[in-house]
Number of protein chains: 2
Amino acid sequence: MTTPPIDTKQRLLDTAERLFAMNGFHSTSLRTITREAQANLAAVNYHFGSKEALMEAVLERRLGPLNTAREERLRQVLDEAAGGERSPLCRDVLRAFVEPTLRFREADAGARYFLLLVGRSVAEADSTVRQSFLRQVKPIFLLFKNALQLALPELSETILLARLHFTIGALHHIMCMPLQTGIAPPELILNCDSAFMLELLLPYLTAGMEAP
Amino acid sequence: MTTPPIDTKQRLLDTAERLFAMNGFHSTSLRTITREAQANLAAVNYHFGSKEALMEAVLERRLGPLNTAREERLRQVLDEAAGGERSPLCRDVLRAFVEPTLRFREADAGARYFLLLVGRSVAEADSTVRQSFLRQVKPIFLLFKNALQLALPELSETILLARLHFTIGALHHIMCMPLQTGIAPPELILNCDSAFMLELLLPYLTAGMEAP
DNA sequence: GTCTATAGATTGATAGAC
DNA sequence: GTCTATCAATCTATAGAC
């Protein structure tokens with residue numbers, strides 16, 4: 001066979017994921033993507049319809065499974081707590097969000113690029129890209145907001161929402177920084193393993209969320 | 001006089017600040033900037049030399065004064081503590097960073113756009129823009145890192161650096177979200193006042209930083 | 001300093017052969 | 001599905017008149 005190891009559509013997704021994450025949506029041209037994916041310039045429009053549809057597909061491919069994993073972990077936590085009628089622990093709820101993310105990060109090299117892309121997509125200035133991302137995370141966001149309200153019933157909704165946003169911000173920021181030069185500490189660079197990162201994140205996020 | 005109320009250079013800075021913040025560096029063309037600033041297309045290259053130099057100037061104009069204010073507040077905190085030989089309080093160090101930022105936010109409408117731009121610049125995919133921003137915040141970052149090491153001598157440098165990054169992430173995220181639709185809570189939107197925001201931020205950040 | 005005009009390059013998208 | 005060729009629109013930057 002002279003066909004490449006994986007099909008064109010997959011190669012386009014992998015390449016676009018990496019390039020969008022590293023250089024941004026607007027700075028990455030279809031020419032660059034198709035060249036590096038060893039595909040024809042017209043391939044993106046044939047397989048996806050447009051550059052924006054390609055970005056949407058890049059997000060969807062990984063966000064689907066990741067959010068499913070988060071949802072299942074959260075359900076476990078809630079079931080264990082609601083079997084009795086106790087509230088879930090804040091730390092367990094946070095772990096149900098963070099741990100699948102970090103575990104996901106170790107799946108393959110592309111996943112790491114993807115998380116970099118996610119970290120950047122919230123702050124993305126282009127409204128098409130940002131809205132596409134927000135649309136895909138809104139359901140899981142609301143699920144965790146509700147779980148946290150069970151864990152911390154004494155907090156007003158305003159304070160809880162604000163703290164959830166701080167949490168998301170901290171998490172996304174740390175997924176962005178590792179690939180960057182300069183300010184980021186070497187221990188947090190690309191090769192940092194998930195267990196270590198989780199040990200750094202969980203105490204900080206839990207303490208912040210439970211602050212008086 | 002038929003000359004406009006403020007000179008062209010200022011109008012270009014104001015307009016670029018707003019458009020870069022709202023739509024991003026790459027999605028904002030010199031044509032759009034000069035049109036909205038009621039200046040000629042060639043004006044940017046005459047006054048600044050290039051589009052990138054314009055961005056650099058936009059960042060410099062506000063980051064200079066803001067960082068000076070942060071530095072002075074930090075010096076006060078350190079002086080009060082070191083006059084005796086006590087360590088500064090973590091909360092006071094954090095407040096020295098956050099409060100000038102929020103106060104700055106109320107100065108004028110442009111400042112609010114600027115903080116949105118700052119929130120986006122850390123995660124910016126374009127390396128020129130990101131590097132330009134990081135270069136301008138690195139000194140103040142190191143100053144606060146040192147102050148926090150005085151406040152929390154029991155933390156290892158790795159943990160402290162990680163937590164400082166989480167803090168920066170939470171702060172920048174919340175400066176980005178307010179102008180966005182969808183997920184952000186209405187209370188955190190554009191019109192949220194600084195005192196309220198400070199009351200939300202400080203307990204969260206302090207608790208996270210001081211976590212066991 | 002401000003303007004017009006344009007160079008020079010790059011972009012996303014598509015038509016049509018194979 | 002893949003390819004070539006190309007369109008039409010965009011962009012930054014600059015040269016040169018006023």
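Labels below follow one simple rule: chain letters A, B, ... track the order of the sequence lines, proteins then strands, and each chain is numbered from 1.
Taking a cutoff of 4.0 Å between a charged side-chain nitrogen and a carboxylate oxygen, R91(B) and E210(B) do not qualify as a salt bridge.
One interatomic measurement links the two molecules: CG of D126(A) to P of dG12(C), which rounds to 13 Å at whole-angstrom precision. The CZ atom of F48(A) sits 15 Å away from the P atom of dG12(C) (whole-angstrom rounding). Look at CG on N45(A): it is 19 Å from P on dT6(D), rounded to the nearest Å. Rounded to whole Å, the distance from NE2 on H26(B) to P on dT11(C) is 11 Å. Computed from coordinates, the L41(A) CG to dG12(C) C1' distance equals 8 Å when rounded to whole Å. Taking atom CZ on R31(A) and atom C1' on dC7(D), their separation rounds to 11 Å, with Å as the unit. Rounded to a whole Å, the CD atom of E52(B) is 14 Å from the C1' atom of dC11(D). In this entry the distance linking NZ of K51(A) with P of dT10(D) reads 15 Å, nearest Å.
Within the 4.0 Å cut-off from OP1 or OP2 of dT11(C), at least one side-chain nitrogen or oxygen of S29(A) is found. At the phosphate of dT2(C), OP1 or OP2 sits under 4.0 Å from a side-chain N or O atom of T8(B). Residue H47(B) places at least one side-chain N or O under 4.0 Å from the OP1 or OP2 atom of dT2(C).
A cation-pi arrangement is present between K51(B) and F25(B), with the terminal nitrogen or guanidinium carbon under 6.0 Å from the aromatic centre and inside a 45° cone about the axis.
Of the N and O atoms on the side chains of T8(A) and Y46(A), not one donor lies less than 3.5 Å from an acceptor on the other residue.
You'll find that the side chain of Y46(B) is closest to dG1(C), out of dT14(C), dG1(C), dT11(C). Taking only side-chain atoms of L30(B), from C-beta outward, the nucleotide of dT11(C), dA13(D), dT2(D) with the closest atom is dA13(D). Comparing dT14(C), dA15(D), dA13(D) against the side chain of A42(B) picks out dA15(D) as the nearest.
Along DNA chain D, the nucleotide nearest N40(A) and the nucleotide nearest T28(B) are compared for position; the residue whose nucleotide lies closer to the 5' end is N40(A).
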Please step through salt bridge (charged side-chain N to carboxylate O under 4.0 Å, His left out) for the pair E99(B) and R105(B), ending with a clear verdict. CA-CA 10 Å; E99(B) 201 169 10; R105(B) 195 183 131 92; over 6 Å; no
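For the pair Y204(A) and Y204(B), the minimum side-chain heavy-atom distance is below 4.5 Å.
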